[in-house]
Amino acid sequence: MRNENEVPFEDKQFKIPVADRLRRLPPYLFGKINKMKYQKRVAGIDVIDLGMGNPTDAPDPQIADKLAEAIKDPKNHRYSVANGIGNLRKEVAARYLRKYDVKLDADNEVIACLGSKEGFSHLCLAMMGPGDTAIVPAPSFPIHVYSVVLASGNVIALDTRKPDKFLERVAFTCEHLFPKPKLVIVNFPHNPSTTCIDPEFYVELVKLAKKHDFLVISDFAYSDICFEGYVAPSFLSTPGAKDVGVEFTTMSKGYSMAGWRIGFCAGNPEMVRALATIKGYYDYGIFQAVQIAAIVAMRHCDSAVDEIAAEYQKRRDVLCDGLHRLGWEATPPRAGMFVWAKIPEPWAQMGSIDFAMKLLDEAGVAVSPGRGFGPEGEGYLRLAVVENSQRLRQAVRAIGRCLKPEQFTAEAGS
Ligand SMILES: Cc1ncc(COP(=O)(O)O)c(C=O)c1O
């Protein structure tokens, strides 16, 4: 499945009779920019890539050491179980208890996925069909929309940047739409807008879910990367949440294990069972050595996660300070791996896709155009703080030179 930064195949009509679900996919707006990034790389040009939330830091060495040990045991090379091995699910439950005071039954309320994106998509496939509607956050992380569309469901995208308004709109939609929405997807800390919430948000959401009979999926991908004492609340820590929904977490971000493909779904046992059922048909589970290393990660590497979060905070400050000196509006986020920046005047009229193309072409800095996350993202750019502080300073200097060559002084990027 495509994501916002993949080097694309050409976006053109298929010459074979593919299923209608492929034709229903929304236009792929990252295509042009990814193609240019790819061409620059192939030509050997250095691109500072702030396009994707793909960590560049290595996981804690204990995790790789455990993988190396587990890989030597022949029994770990067999097919594993689609749900994840018992000790892994128990470790997820233990972590939820430690971090959020949430009690989970590891056998019925936790399942491992090949990354949370896989689990999320398959859960949508298990839950949604023709005539079903899901409310998704806007601007939208593409998979929140595509996985519903690929399951033949309908999408209503509601602006999530003012969480109270989002709840009002959810309530309004439930009161006026027939049939009512079946699913509400939430994602805080939000990608791409970086919006965060306080626990009261989920209290209201659970109330609404019970009143209007919808189910909830919370995508909690950025749970581990919080700044300055903010603790992003878990949906599951709200009383009654397990009656109405599940939450996805991942080892991709906080543990820098994105390529390992390991994430989790936890909460409502019937939703977990629906996901387990569909996964039982589609896959044989995550490579067992990876599952064993993930247990070690969750058991022993809490401090490494904190260090990673502190590093992202430092980079956030470097990038936001640099952009502010260039006169940009970019509120430092409370959590996550991104800065969501408003395109400054006089460039705003250009549109985010063309502006991002300009930055890539003339400054050698790749960023994600807000429009790629739906119409609500227009006017903004998303910059991932995945490069180190020195490269971020270099990026700010290059952007300054590209936009204000006559005014720019080296000071802006210092
Ligand atoms: C909001 C959100 N959800 C899910 C994912 C996917 O995570 P995973 O690597 O666990 O599939 C990402 C990755 O960028 C994300 O930003």
Side-chain angles (χ1 to χ4, degrees), residues 1-6 30 34 49-57 59 84 88 92 95 110-125 134 136-148 150 157 160-161 184-197 216-226 232 234-235 246-266 275 279 282-283 285-287 290-291 294 297-298 305 308 312 333 335-340 366-368 370 372-374 377 382-386:
M1 190 171 294
R2 298 265 201 99
N3 63 44
E4 77 262 40
N5 276 275
E6 218 158 274
F30 291 102
N34 286 350
D49 194 353
L50 313 183
M52 189 182 185
N54 192 0
T56 52
D57 308 273
L88 177 67
V92 174
R95 190 163 195 258
V110 180
I111 182 170
C113 326
L114 294 131
S116 63
K117 185 170 170 178
E118 177 275 322
F120 182 90
S121 326
H122 279 140
L123 181 58
C124 287
L125 193 59
V136 309
S140 311
F141 178 58
I143 196 63
H144 295 157
V145 176
Y146 297 165
S147 48
V148 176
L150 282 170
T160 201
R161 287 169 290 190
V184 173
I185 293 163
V186 289
N187 167 220
F188 298 105
H190 182 234
N191 176 11
S193 75
T194 76
T195 308
C196 288
I197 45 146
V216 175
I217 302 180
S218 157
D219 179 346
F220 202 26
Y222 296 94
S223 54
D224 293 326
I225 305 176
C226 296
S234 160
F235 163 71
V246 290
E247 182 160 86
F248 281 92
T249 49
T250 179
M251 303 202 70
S252 295
K253 311 294 180 177
Y255 292 87
S256 298
M257 291 166 67
W260 296 52
R261 309 312 300 132
I262 182 157
F264 309 101
C265 174
L275 176 56
K279 279 174 70 63
Y282 275 126
D283 76 62
I286 306 158
F287 180 29
V290 166
Q291 299 189 53
M298 284 186 277
V305 174
I308 284 172
Y312 283 118
M337 289 166 64
F338 306 106
V339 169
W340 182 243
V367 301
S368 289
F373 302 98
R382 191 197 71 178
L383 301 93
V385 287
V386 287

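First listed ligand is number 1; within each ligand, the first listed atom is number 1.
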Euclidean distance, [Y] [atom2] relative to [X] [atom1], rounded to 0.5 Å:
| X | Y | atom1 | atom2 | value |
| --- | --- | --- | --- | --- |
| Leu88 | Phe264 | CG | CZ | 4.5 Å |
| Ser368 | Asp49 | OG | CG | 8.5 Å |
| Phe235 | Asp219 | CZ | CG | 12.5 Å |
| Arg261 | Cys113 | CZ | SG | 10.0 Å |
| Trp260 | Tyr255 | CH2 | OH | 12.5 Å |
| Phe248 | Asn187 | CZ | CG | 12.0 Å |

Parallel, tilted or perpendicular: which describes the rings of Phe141 and His144, with under 30° parallel and over 60° perpendicular?
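Correct class here is perpendicular.
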Tell me, please: is [X] in heavy-atom contact with ligand 1, that is, under 4.0 Å?
| X | answer |
| --- | --- |
| Ser252 | yes |
| His190 | no |
| Arg261 | yes |

When you look for heavy atoms under 4.0 Å from ligand 1, do you find them on the side chain of Ala221, its backbone, both, or neither?
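Looking at Ala221 and ligand 1, just side chain atoms fall under 4.0 Å.
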Proximal atoms of ligand 1 relative to [X] (non-hydrogen, under 4.0 Å):
| X | value |
| --- | --- |
| Asn187 | 1 (C) |
| Tyr222 | 1 (C), 13 (C), 14 (O), 15 (C), 16 (O) |
| Gly115 | 10 (O), 11 (O) |
| Asn191 | 1 (C), 15 (C), 16 (O) |

Closest heavy-atom contact between Thr249 and Ser116?
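Shortest heavy-atom separation between Thr249 and Ser116 comes out as O-CB, 3.7 Å.
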What do you reckon, does Lys253 have a nitrogen or oxygen under 3.5 Å from a nitrogen or oxygen of ligand 1?
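Yes, since at least one N or O of Lys253 sits under 3.5 Å from an N or O of ligand 1.
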For ligand 1, is there an N or O atom under 3.5 Å from any N or O atom of His144?
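No, His144 has no N/O under 3.5 Å of an N/O on ligand 1.
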Select the closest option to atom 4 (C) of ligand 1 among Asn54, Ile143, Asp219, judged by heavy-atom distance.
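The residue whose heavy atom sits nearest atom 4 (C) of ligand 1 is Asp219.
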